Amino acid sequence: MSQISTTPTYDAIVIGGGTMGTAAAWELGKRGRRALVLEQFSIPHTLGAHGGKTRVIRHAYAESPDYVPLVRRADDLWQELEAATDRQILVRCGGLELAAPGYGHAARARTAAVEHGIDHEWLSPTDVHRRWPGVTIPDDWDALYSAEAGFLLTEPAIESMANEARRLGVEIHQGEPVIGWRLDGDGVRVETGAQVYRADRLIIAAGAWSSRLLGDLGIPLEVRRKTLFWLSVADATPYRPESLPVFISDSLHGEIYGFPVFDHAGLKIANHAGGDPTSPDAVDRSIRPGEEQNVVDLARLLFRGIGPGIVDSTVCLYTVTPDADFVLDRHPVYAQVAIGAGFSGHGFKFAPAIGESLVDLAFDSASQPLPRLALARFGQASATA
Ligand SMILES: Cc1cc2nc3c(=O)[nH]c(=O)nc-3n(C[C@H](O)[C@H](O)[C@H](O)COP(=O)(O)OP(=O)(O)OC[C@H]3O[C@@H](n4cnc5c(N)ncnc54)[C@H](O)[C@@H]3O)c2cc1C
């Protein structure tokens with residue numbers, strides 16, 4: 001007598017229902033795949049990489065012009081998501097990329113803008129002050145303005161990707177941590193405390209927890225503790241999105257970026273540079289005295305109306321590769337497994353485009369990883385499907 005399997009079976013399982021996992025889920029739903037997302041916490045939550053309410057989106061990409069096609073695709077998809085859900089996700093307030101003498105961020109952003117024909121303006125410090133009276137930059141600083149830039153609202157973004165995925169038939173389990181996965185014929189078996197599941201394909205998008213699921217690959221991923229602050233402003237009027245773009249400032253204070261006042265008291269500001277190595281279980285989630293000093297010093301230099309107080313703060317996790325480029329590839333041995341990891345503190349803006357790539361890598365044997373993001377750069381061959 002043949003045995004009837006009681007193991008729930010899917011076309012694809014996604015481990016991690018955070019930024020990239022919900023993006024992959026949305027794409028799986030759009031392609032009509034029978035899919036399951038397993039998230040250890042809730043969707044969204046504040047214990048991983050997507051806490052802190054907002055994320056910068058910019059297109060003149062100082063890190064490398066190679067990222068521009070990916071952010072353009074993501075921007076189209078963010079707009080598609082807004083239209084599908086009738087919910088605001090992207091606030092297009094423009095972006096200012098600033099650099100002190102000897103610091104290259106603004107010039108590198110201009111290189112990407114020129115290479116990809118992105119509208120931009122190279123402004124003098126006087127132009128900047130005239131245009132945004134709340135901002136004063138030193139006379140010898142560089143400034144690039146891009147009107148396409150702005151910020152994304154993380155909770156509406158992740159909730160909307162998850163909701164659209166559900167509407168399209170994807171199953172999403174919250175509060176169900178994955179204990180492990182292994183091969184099962186041409187597919188995979190995934191085990192949680194509650195159940196064993198089977199799927200033809202696996203997508204691993206586990207953020208700061210990635211090394212636990214990919215430990216044997218030895219991908220060089222470092223988890224870093226990052227702090228975010230909301231600084232008090234005497235009068236919020238000159239700091240709202242109508243009057244202030246998102247900004248990134250490269251100087252001796254660090255690579256400090258910030259947002260206009262929106263839906264939360266205070267001006268949000270943080271330092272992209274630095275951060276202590278940690279692990280998601282051991283991380284100190286309290287703010288230590290003096291940790292805000294760099295961002296307060298920079299804010300006082302640029303904005304006259306910043307008060308001394310800190311309205312709010314939080315701790316978030318970066319998962320960083322040695323070259324700060326992402327890992328977006330197939331497993332080097334098992335072609336049915338796609339991996340999205342090491343988003344190095346700048347992945348959110350790309351999420352829906354990363355979701356598409358993860359699904360392509362999992363299902364389409366002709367799809368190739370972008371060389372810049374491939375595991376091969378760490379000396380690992382990619383599996384051929
Ligand atoms: C402070 C801060 C500021 C940032 N600013 C920007 C910015 O301005 N612009 C920008 O583009 N990017 C920014 N980023 C980066 C961006 O937020 C991240 O690159 C992105 O959120 C990473 O997504 P992820 O899916 O890898 O991680 P996450 O969103 O954390 O998702 C991983 C998920 O996997 C789940 N998981 C892990 N292990 C398991 C398991 N075993 N079982 C079940 N579930 C599991 C986790 O619970 C989590 O929900 C910032 C990041 C931080 C921390």
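Keep in mind that what you see is a predicted model, and the values were worked out from it rather than measured.
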Any Lys/Arg nitrogen of Glu222 or Arg224 sitting under 4.0 Å from an Asp/Glu carboxylate oxygen of the other?
-> yes

Are Asp323 and Arg377 within salt-bridge range, i.e. N to O under 4.0 Å?
-> yes

How about Phe259 and Tyr239: are their ring centroids closer than 6.0 Å?
-> no

Side-chain contact test, heavy atoms from C-beta onward, threshold under 4.5 Å: evaluate it for Leu183 versus Gln336 and give yes or no.
-> yes

Counting only heavy atoms not in Asp216, do more than 12 sit closer than 6.0 Å to its CG atom?
-> yes

Beyond-backbone contact of Val327 with Phe378, side-chain heavy atoms, under 4.5 angstrom = yes

Would you please say whether a donor-acceptor pair under 3.5 Å links the side chains of Gln174 and Ser42?
-> no

So, Glu356 and Lys30, do they make that salt bridge, N to O below 4.0 Å?
-> no

Identify the heavy atoms of Tyr257 and Asn271 that sit nearest to each other, and give their distance.
-> CE2-C, 4.1 Å

For Ala62 and His105 the tightest heavy-atom approach is CB-CE1, 3.4 Å

Quick check: does any side chain N or O of His346 sit under 3.5 Å from a backbone N or O of Ala324, one acting as donor and the other as acceptor?
-> yes

Say whether Asp127 and Ser124, considering side chains only, have a donor N or O and an acceptor N or O under 3.5 Å apart.
-> yes

May I ask you to decide whether Arg110 forms a salt bridge with Glu115, counting only side-chain N to carboxylate O separations under 4.0 Å?
-> no

Just by distance, with hydrogens left out, do Lys349 and Tyr67 show a side-chain donor and acceptor under 3.5 Å apart?
-> no

State, yes or no, whether a side-chain contact exists between Ser146 and Asp119 at a heavy-atom distance under 4.5 Å.
-> no

Ion pair Arg58/Asp75, N-O distance below 4.0 Å = no

Polar contact flag, side-chain donor to acceptor under 3.5 angstrom, Tyr318-His272 | yes

Verify the ring-centre separation between Trp132 and Tyr145: is it less than 6.0 angstrom?
-> yes

Salt-bridge present (Arg201, Asp186; N to O < 4.0 Å) | no

In terms of heavy-atom contacts, does CG of Asp140 have more than 12 from other residues, nucleotides or ligands at under 6.0 Å?
-> yes

For the pair Asp11 and Arg34, find out whether any cationic side-chain nitrogen is under 4.0 Å from an anionic carboxylate oxygen.
-> no

Is there side-chain contact between Trp122 and Asp142, with heavy atoms separated by less than 4.5 Å?
-> yes

Ion pair check, Arg212 and Asp281, cut-off under 4.0 Å = yes

Flag yes if Ile158 and Trp209 sit in one hydrophobic cluster, no otherwise; membership is Ile, Leu, Val, Met, Phe, Trp, Tyr, and two members link when side-chain heavy atoms are under 4.5 Å apart.
-> no

Is there side-chain contact between Leu361 and Ile339, with at least one heavy-atom pair below 4.5 Å?
-> no

Glu82, Glu159, Glu164 screened by salt bridge (Lys or Arg N to Asp or Glu O under 4.0 Å) with Arg87, the one that passes = Glu159

Heavy-atom side-chain proximity of Thr314 to Trp230 below 4.5 angstrom = yes

Side chain to side chain donor-acceptor pair (under 3.5 Å) between Asp235 and Thr237, worked out = CA-CA 6 Å; Asp235 170 14; Thr237 313; 2.7 Å; yes

Minimum heavy-atom separation for Ile13 to Ala199, with atom names?
-> CG1-CB, 3.5 Å

Taking Ser232 for the side chain and Gly309 for the main chain, is one N or O donor matched with an acceptor at less than 3.5 Å?
-> yes

If the plane angle is over 60° it's perpendicular, under 30° parallel, otherwise tilted; pick one for Phe348 and Trp78.
-> parallel

Examine His116 together with His59 and report whether their ring centres are nearer than 6.0 Å.
-> no

Validation row: Val296, Leu231 side chains within 4.5 angstrom (heavy atoms) = yes

If we only count heavy atoms from C-beta on, is the Leu267 to Phe229 side-chain gap below 4.5 Å?
-> no

Taking atom types as modelled, is there a side-chain donor on Lys53 or Thr154 under 3.5 Å from an acceptor on the other?
-> no

Answer yes when Arg131 and Glu121 have at least one side-chain N-carboxylate O distance shorter than 4.0 Å, and no when they do not.
-> yes

Would you kindly say whether Tyr197 and Glu171 are connected by a side-chain donor-acceptor distance under 3.5 Å?
-> no

Taking every non-hydrogen atom, the tightest pair across Gly95 and Ala149 = N-CB, 3.5 Å

